[in-house]
Amino acid sequence: MLDIRLIREQSEQITARLAARGGESHLRINDILECDRERRAAETRLQQLQSDRKRISKEIGQRKAKGEDTSSVEAEVRALGDEVAKLNEEAALLDARQRDLLLQLPNLPHEGCPVGEDASANPEVRIWGERPAYAFTPQSHVEIGERLGLFDFERAAKVSGSAFVCFTGAGARLERALVNFLLDLHTREHGYTEVSTPFVVRAEALVGTSQLPKFEEQLYRCERDELYLAPTAEVPVTNLHREEILNPEQLPIRYTAYSPCFRREAGSAGLGTRGLIRMHQFDKVELVKITTPEESAQELEKLTADAEHVLQLLGLHYRTIELCTGDIGFGSTRTYDIEVWAPGQQAYLEVSSCSSFGDFQARRMNLRFKDGDGKNRFCHTLNGSGTALPRLMVALLEVYQQADGSVRLPAPLHAYFGSERLG
RNA sequence: GGUGAGGUGGCUGAGUGGUCGAAAGCAGCGCUUUGCUAAAGCGCCGUACUCCAAAAGGGUACCGAGGGUUCGAAUCCCUCCCUCACCGCCA
């Protein structure tokens, strides 16, 4: 959520920066300003009337204590009270409308965010390793996995429908090995604290991290209980500290969490095809940070490096791109995507998206810290995958497939998996 | 699911219709005293919104949330949420 005062005072710059995202969000600025003017006018009048009422009511109390008759004044104040109620309703309506408008407005891209219209304008910021060469035609993970009995889409569909998977045997064990490997790496080497949160969340949490109100159709909802399945651990983890005022000594907070992620993927291309690349449910190890505004930029670089470290340890060729203004997510000010090479797909797969949200989410969840002067300021929040598991598995299977049809795992996984190879 | 208790400022905790944004204590900040520490004394010490060009200074709201009664609600009534305890059920 953007600061209404900033919008009021720098409406032209704000409009221009939102326009860089494409879309139509910047066109709402004038509506917001108008609503803000109306709201403040109503509030000012309301406050004047309330002030009158308060004063007169106090006088009534004093006069009654002296035994005076106050019935005529009471009638007068009653009329005032009716007017207050009416204006109060009007002001509340305007306030709700303004909040709604602000909640629908995306974040401002960071000054450093490259300007561009769409994904084709995303600059590559780093590339690590090289595309491996094969003496044979690399197979897709789907073929490899079915041959080695690592997962089963047909049976998962019997249970849950299409775009779900059931890992089986060594596949399930590999999944578990990856979770442990990633959590150990981030806690032991990167300084994160492991948390294991609820996976079912309230609407307010989703508003906090900005999945709601705009992206409701992407969420699984449990209507009876007014709860949603978390689409990413970002939601429960970041919201752990909602409505809090943190001490600066606590910052930065760095959390890592394993969680399943549930996404309806309404309108997504590619859901009809088999494979692990896009599903309604997948596992992920997430990285979340809560920082001061001063530290957030460097913490984003570190967070991205932590996610990249996963791929480096596993010897997987990847590239890191920065999303341009036309491609960054709704709440993000700045995002790095890490894409791993998958030879069976002949494509780079996004395994991590590392973003800084500035104070956008913190405003929505009223997450603040007390600075050195004792003033309450909004925190900055960040998150990134570290990493998504099915796509990591895709890369591992496809990259490390052997001519004999087996898969040789990279060394860091041997102990976690309990074996050096699959098949 | 049932029964009971309860939700007040950073914390503890008073307050059951008016002068209460809220006693008191603790913590915190400033000053005085002091060789230092300690102790004592005095003062300050919530948040949000809003008015004013800004500062100074006003105003309004907020005692879990929402509604109601009243000239006036932390206080009375209703609904909901949450926490705790015990019982039941259950991985």
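Letters go in sequence order (proteins before strands), and every chain restarts at 1.
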Counting only side-chain N and O atoms of A/Arg202, is one of them less than 4.0 Å from OP1 or OP2 of B/rC82?
->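 Checking B/rC82 against A/Arg202, a side-chain N or O does come within under 4.0 Å of OP1 or OP2.
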Exercise. Just to confirm, is there a sub-4.0 Å distance from OP1 or OP2 of B/rC51 to any side-chain nitrogen or oxygen of A/Arg40?
Worked result: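 Yes, A/Arg40 has a side-chain N/O under 4.0 Å of OP1/OP2 on B/rC51.
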Does some side-chain heavy atom of [Y] sit less than 4.5 Å from a side-chain heavy atom of [X]?
X: A/Ser11; Y: A/Ile14; result: no
X: A/Val201; Y: A/Leu206; result: yes
X: A/Glu322; Y: A/Asn122; result: no

What is the nucleic acid contact for [X], judged by heavy atoms within less than 4.0 Å: base, sugar-phosphate only, or nothing?
X: A/Arg63; result: nothing
X: A/Arg8; result: sugar-phosphate
X: A/Arg368; result: sugar-phosphate
X: A/Asn376; result: sugar-phosphate

Worksheet item: Would you call the rings of A/His186 and A/His190 parallel, tilted or perpendicular, where under 30° means parallel and over 60° means perpendicular?
Response: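 Aromatic pair A/His186/A/His190 classed tilted.
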Does the plane of the ring in A/Tyr220 sit parallel, tilted or perpendicular to the ring in A/Phe262? Use 30° and 60° as the thresholds.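 The rings of A/Tyr220 and A/Phe262 stand perpendicular, inter-plane angle above 60°.
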Rounded to whole angstrom, note down the [atom1] distance from [N] over to [M].
N: B/rU8; M: B/rU47; atom1: C1'; value: 14 Å
N: B/rU12; M: B/rU70; atom1: P; value: 37 Å
N: B/rA74; M: B/rG88; atom1: P; value: 42 Å
N: B/rG10; M: B/rG1; atom1: C1'; value: 38 Å
N: B/rC63; M: B/rG46; atom1: C1'; value: 12 Å
N: B/rG30; M: B/rA39; atom1: P; value: 16 Å
N: B/rA14; M: B/rC76; atom1: P; value: 16 Å
N: B/rG15; M: B/rA23; atom1: C1'; value: 8 Å

Member of A/Glu234, A/Glu301, A/Glu299 meeting the salt bridge (Lys or Arg N to Asp or Glu O under 4.0 Å) criterion with A/Lys289: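 The residue from A/Glu234, A/Glu301, A/Glu299 that satisfies salt bridge (Lys or Arg N to Asp or Glu O under 4.0 Å) with A/Lys289 turns out to be A/Glu299.
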Exercise for the section: For A/His241 and A/Tyr255, run ring pair (Phe, Tyr, Trp, His ring centres under 6.0 Å): C-alpha distance rounded to whole Å, both residues' side-chain angles, the deciding distance at 0.1 Å, then the answer. Expected result: CA-CA 12 Å; A/His241 294 284; A/Tyr255 286 136; 5.7 Å; yes
Using purine N1 to pyrimidine N3 plus N6-O4 or O6-N4 for Watson-Crick, or N1-O2 and O6-N3 for G-U wobble, both under 3.5 Å, which nucleotide pairs with [N]?
N: B/rC20; answer: none
N: B/rA85; answer: B/rU3
N: B/rC52; answer: none
N: B/rG72; answer: none
N: B/rU79; answer: B/rA65
N: B/rG35; answer: none
N: B/rG28; answer: B/rC44

If you assign A/Gln62 and A/Glu43 each to the RNA chain B nucleotide with the nearest heavy atom, which residue ends up on the more 5' nucleotide?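 Checking each residue's closest nucleotide, the 5'-ward one belongs to A/Gln62.
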Report the distance from atom [atom1] of [X] to atom [atom2] of [N], rounded to the nearest whole Å.
X: A/Arg363; N: B/rU47; atom1: CZ; atom2: P; value: 16 Å
X: A/Asn88; N: B/rC49; atom1: CG; atom2: C1'; value: 13 Å
X: A/Asn247; N: B/rG28; atom1: CG; atom2: P; value: 13 Å
X: A/Arg37; N: B/rU50; atom1: CZ; atom2: P; value: 14 Å
X: A/Arg377; N: B/rA48; atom1: CZ; atom2: C1'; value: 18 Å
X: A/Arg39; N: B/rA48; atom1: CZ; atom2: C1'; value: 11 Å
X: A/Arg99; N: B/rC49; atom1: CZ; atom2: P; value: 12 Å
X: A/Leu94; N: B/rU50; atom1: CG; atom2: P; value: 13 Å

Got a donor-acceptor contact below 3.5 angstrom from the A/Thr304 side chain to the A/Leu300 backbone?
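Indeed, once roles are kept as given, a pair shorter than 3.5 Å links the two residues.
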message: For the aromatic rings, using the six-membered ring if either is Trp, is the centroid distance between A/Phe357 and A/His110 under 6.0 Å?
response: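 No; A/His110 has its ring centre 6.0 Å or more from that of A/Phe357.
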Please test A/Phe215 against A/Phe330 for ring pair (Phe, Tyr, Trp, His ring centres under 6.0 Å), starting from the C-alpha separation and ending with a verdict.
CA-CA 10 Å; A/Phe215 307 104; A/Phe330 179 81; 5.4 Å; yes
Heavy-atom contacts, protein to nucleotides 55-78 of chain B, under 4.0 Å, summarised as B (base), S (sugar-phosphate only) or - (none) per nt, yield ----BSS---------BS------
Out of B/rC49, B/rU19, B/rU47, which has the shortest distance to the side chain of A/Arg5?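 Output: B/rC49.
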